[in-house]
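The next block holds one structure in the form of structure tokens; read it before the comments.
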Amino acid sequence: MSAATPDREDGVAHDDVRHGTAGHGASGRGASDHDAFERWQHGGRLEGVHFAPRAPVVVLEGDHAGRAGRVVSLQALAPEPVYVVALRDGDDVGVVQSGLRAALPSDAG
């Protein structure tokens, strides 16, 4: 795996996030972001954030494409929401919102 150059304000390379290889750090979060993440974690809705905590999802692209899991946390809001997803095999990966879809009953298994 090649190292990607950070191209976002939070220091995470876009390719790392899109392909589920980003770390779980909270760098770049301001106080208002922290409050928003806390609200979301406790069931509050945030504009532009499509998945709730513990939502079943499937990764659409990258190294983890086709793998199912559950949303664990919200890692970033901009430029696109980034979630930490706990995959069924135990891996935790960071994935941008556009790289996920809601899991269907047929995804179980």
Side-chain angles (χ1 to χ4, degrees):
M1 177 168 36
S2 64
T5 303
D7 55 3
R8 296 169 22 136
E9 285 183 21
D10 60 7
V12 175
H14 182 73
D15 286 344
D16 287 349
V17 173
R18 180 163 301 281
H19 298 296
T21 58
H24 302 185
S27 63
R29 287 187 187 175
S32 62
D33 280 354
H34 178 76
D35 292 344
F37 291 130
E38 287 293 315
R39 263 194 333 275
W40 175 85
Q41 193 69 40
H42 290 89
R45 293 180 155 253
L46 298 179
E47 184 177 342
V49 175
H50 298 166
F51 298 104
R54 296 171 297 289
V57 295
V58 174
V59 179
L60 297 175
E61 53 192 33
D63 295 341
H64 304 290
R67 293 171 67 189
R70 292 200 176 265
V71 171
V72 175
S73 65
L74 184 60
Q75 187 175 23
L77 292 171
E80 177 179 359
V82 178
Y83 303 89
V84 174
V85 176
L87 300 174
R88 288 189 181 146
D89 64 8
D91 288 341
D92 286 355
V93 295
V95 186
V96 292
Q97 184 165 272
S98 63
L100 295 172
R101 70 165 169 80
L104 305 171
S106 61
D107 295 317

Original post:
Could you give the distance from NE2 (His50) to CD (Gln97), rounded to the nearest 0.5 Å?
Top reply: 4.5 Å
Original post:
Would a 4.5 Å heavy-atom cut-off, applied to side chains only, mark Leu46 and Leu74 as touching?
Top reply: yes
**OP:** Please name the residue in the list Val95, Val71, Val93, Val96 that meets the side-chain contact (heavy atoms from CB on, under 4.5 Å) test with Tyr83.
**Re:** Val71
**OP:** If a pair satisfies ring pair (Phe, Tyr, Trp, His ring centres under 6.0 Å) and one of its residues is in residues 86-106, list it, with sequence neighbours excluded.
**Re:** none
Original post:
What pairs of residues pass the salt bridge (charged side-chain N to carboxylate O under 4.0 Å, His left out) test when at least one of them lies in residues 67-76, not counting sequence neighbours?
Top reply: Arg67-Asp89, Arg67-Asp91
Original post:
Do Leu77 and Trp40 have side chains that get closer than 4.5 Å, going by heavy atoms?
Top reply: no
**OP:** Could you tell me which residues satisfy side-chain contact (heavy atoms from CB on, under 4.5 Å) with Ala86, sequence neighbours excluded, listed by chain and number?
**Re:** Val72, Asp92
Original post:
Considering only heavy atoms from C-beta outward, does the side chain of Leu87 approach that of His64 to under 4.5 Å?
Top reply: yes
Subject >> Minimum heavy-atom distance between Val84 and Gln75, given as atom pair plus value >> reply: CG2-OE1, 4.2 Å
**OP:** Under the salt bridge (Lys or Arg N to Asp or Glu O under 4.0 Å) rule, collect the residues that match up with Arg39, sequence neighbours excluded.
**Re:** none
Original post:
Same cluster for Val58 and Val82 if Ile/Leu/Val/Met/Phe/Trp/Tyr side chains link at under 4.5 Å?
Top reply: no
Subject >> Exercise: identify the closest heavy-atom pair between Val59 and Glu61 >> reply: CG1-O, 3.4 Å
Subject >> Partner residues of Ala102 under the side-chain contact (heavy atoms from CB on, under 4.5 Å) criterion, sequence neighbours left out >> reply: Phe51
Subject >> Any Leu60 side-chain heavy atom under 4.5 Å of Leu100 side chain >> reply: no
**OP:** Taking all non-hydrogen atoms of both residues into account, name the closest pair between Gly48 and Pro81 and its distance.
**Re:** O-CG, 3.5 Å
